[in-house]
J.: 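I have a structure here, written as structure tokens, and I will follow up with some questions on it.
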Amino acid sequence: MPAITNHLPTAELQALDAAHHMHPFSANAELAEKGTRIITRAKGVYLHDSEGNKILDAMAGLWCVNIGYGRDELADAAARQMRELPYYNTFFMTSHAPVIALAAKIAELAPGDLNHVFFAGSGSEANDTNIRMVRTYWATKGKPTKSIIISRKNAYHGSSVGSGSLGGMAPMHAQGGLPIPDILHINEPNWWAEGGDMDRDAFGLARAQELEQAILEQGEDRVAAFIAEPIQGAGGVIIPPDTYWPEIQRICDKYEILLIADEVICGFGRTGNWFGSQTLDIKPHIMTIAKGLSSGYQPIGGSVVCDEVAEVIGSGEFNHGYTYSGHPVACAVALENLRILEEENVIGHVQNVAAPALHEMWHGLSDHPLVGETTIVGMMGSLALTPNKGSRAKFDMEPGTAGFMCRERCFANNLVMRHVYDRMVISPPLVVTPEDIKELGKRARTALDECYAQMKDQNLI
Ligand code: PXG
């Protein structure tokens with residue numbers, strides 16, 4: 001077999017893809033029939049495909065390419081590190097400069113006393129670490145029965161057996177015997193879909209209080225931790241009512257439950273601050289990080305751990321670690337990414353330029369007949385598709401059908417915007433310019449118009 005390059009004809013690449021490559025979260029037989037879109041290169045906020053299309057990536061890959069595509073500095077950092085020390089582990093009393101520098105940098109950026117980092121290769125692995133870490137923490141403190149971790153329905157925390165169990169995605173739990181024992185899921189603070197007649201704030205409070213009820217039902221001596229994304233990402237960019245997080249914080253403090261903020265999407269500028277915990281005023285004991293840590297240029301994740309938990313875990317041997325924990329090349333690339341975020345004041349750009357422009361464009365879509373609420377914090381937003389804004393009605397179709405139709409129209413207009421059931425979500429690179437945002441808005445509106453016309457044609461609304 002010759003080397004496979006981007007220069008093969010599209011059909012040939014698609015055929016090889018269909019024959020040999022199993023895609024994540026896909027029905028592969030169906031996908032093989034339709035053919036995949038082959039992405040060949042990318043620069044800034046634009047992707048290029050094998051057919052010559054230039055596609056505006058309003059998802060920053062999978063919520064991760066925060067500094068945009070094509071930054072040579074990161075490629076150079078990787079090449080330099082590969083030449084100098086391509087791999088060494090951090091087990092057996094060894095360490096190396098890139099992992100040391102990155103851990104120290106993350107400790108500097110992270111709020112409060114989150115001063116310690118346990119590295120992993122991804123967000124899923126980091127959350128697996130968290131499961132074992134919080135349970136080990138309580139066991140070491142002489143409370144081995146505190147092993148239940150409370151999470152939320154429609155949360156996403158990864159795809160491994162542990163992190164998939166933490167997540168609250170029903171279709172994932174339906175496959176492969178998830179969840180593992182001692183993981184509980186309470187309801188999510190999704191007012192649009194589940195708020196009924198309650199006002200947002202009362203609903204937010206009620207949903208937070210489900211945590212207290214769960215703790216009281218299980219017994220305080222059984223609950224180890226609560227895990228949540230500051231803002232749910234893969235669940236559809238669900239921005240909780242303002243009442244939600246203060247009440248969650250109060251409950252965690254009152255019952256001495258460890259709070260894990262899963263910052264895999266929210267971290268590294270996405271919400272307009274370094275961490276979503278700062279934007280939402282949350283004080284976690286552990287933060288899960290990945291994605292924006294390296295802007296997706298290298299696979300790397302980690303658990304950022306507060307002094308007290310690190311001290312307890314460090315008092316004995318923690319029998320846990322990955323071959324690629326603190327991989328030197330991934331660390332070197334992440335460091336270069338953080339340097340760019342900091343020195344180019346990317347978060348300042350978000351606060352002063354990108355987010356204001358994006359919010360104006362996004363809320364401007366709310367006059368569209370298909371669009372219910374538009375919500376956005378920093379650089380992550382969503383809109384609800386609905387046949388009736390006033391009643392927040394659902395479509396008379398399988399949930400997700402309308403969203404899928406809209407996503408297809410986005411693709412057709414060279415715009416990557418994801419759908420989660422019938423919500424459309426955006427999470428563009430943080431470096432988008434007002435011109436890019438204008439273009440994004442134009443393409444999004446065209447896609448919505450075409451979707452609306454198609455629904456009318458097919459008598460779906
Ligand atoms: N936590 C959160 C909050 C995430 O969003 C993970 C953990 C897992 O990270 P890894 O690196 O193991 O994938 C994620 C990942 C989507 C989508 O379609 C979202 C993610 C991954 C894949 C698809 O929105 N988020």
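Atoms within each ligand, like the ligands themselves, are counted from 1 in listed order. What you see is a predicted model, and the numbers here were worked out from it, not measured in a lab.
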J.: Tell me, please, whether Y46 has K54 positioned over its six-membered ring: NZ or CZ under 6.0 Å from the ring centre and within 45 degrees of its axis?
T.: yes

J.: Examine the proximity of ligand 1 to F25 and report which part, side chain or backbone, both or neither, has a heavy atom under 4.0 Å away.
T.: neither

J.: Pull out every atom of ligand 1 sitting under 4.0 Å from any heavy atom of G123, numbered as shown with elements.
T.: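 Near G123, meaning under 4.0 Å from one of its heavy atoms, ligand 1 has 8 (C), 9 (O), 10 (P), 11 (O), 12 (O).
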
J.: Numbering the atoms of ligand 1 from 1, which are under 4.0 Å from a heavy atom of E229?
T.: 3 (C)

J.: Between the side chains of N337 and Q298, does any donor sit under 3.5 Å from an acceptor?
T.: no

J.: Identify, by atom number and element, the atoms of ligand 1 in contact range of S124, meaning under 4.0 Å from any of its heavy atoms.
T.: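 What qualifies from ligand 1 is 8 (C), 9 (O), 10 (P), 12 (O).
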
J.: Quick check against the 3.5 Å criterion: does N66 have a side-chain atom that pairs as donor or acceptor with the backbone of F268?
T.: yes

J.: Give the residue, atom name and distance (to 0.1 Å) of the protein heavy atom nearest atom 19 (C) of ligand 1.
T.: W63 NE1, 3.5 Å

J.: Judged on heavy-atom distance to atom 6 (C) of ligand 1, which of I289, V264, L62 sits nearest?
T.: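 Shortest heavy-atom distance from atom 6 (C) of ligand 1: V264.
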
J.: For atom 2 (C) of ligand 1, what is the closest protein heavy atom, and at what distance to 0.1 Å?
T.: Y156 O, 3.3 Å

J.: Hey, is ligand 1 close enough to R418 that some N/O pair sits below 3.5 Å?
T.: yes

J.: Between E194 and K153, is there a salt bridge with N-O shorter than 4.0 Å?
T.: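 Between E194 and K153 there is no salt bridge, as every charged N stays at least 4.0 Å from the carboxylate O atoms.
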
J.: Does ligand 1 have an atom under 4.0 Å from some heavy atom of K291?
T.: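 Yes; K291 lies near enough to ligand 1 that a heavy-atom distance drops under 4.0 Å.
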
J.: Closer than 4.0 angstrom, basic N to acidic O: yes or no for R339 and E342?
T.: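 Salt bridge flag = no for E342 with R339.
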
J.: Side chain, backbone, both or neither: which part of E125 has a heavy atom under 4.0 Å from ligand 1?
T.: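 It is neither; nothing of E125 touches ligand 1.
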
J.: Looking at every heavy atom in both A290 and V264, which two are closest together, and how far apart are they?
T.: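 That closest heavy-atom pairing would be CB-CG1, 3.9 Å.
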
J.: With a distance cut-off below 6.0 Å to the six-membered ring centre and an angular limit of 45° from the axis, does R200 pair with W192 as a cation-pi contact?
T.: no

J.: Which of the numbered atoms in ligand 1 are under 4.0 angstrom from any heavy atom belonging to D262?
T.: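 Under 4.0 Å from D262, ligand 1 has these atoms: 1 (N), 2 (C), 3 (C), 7 (C).
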
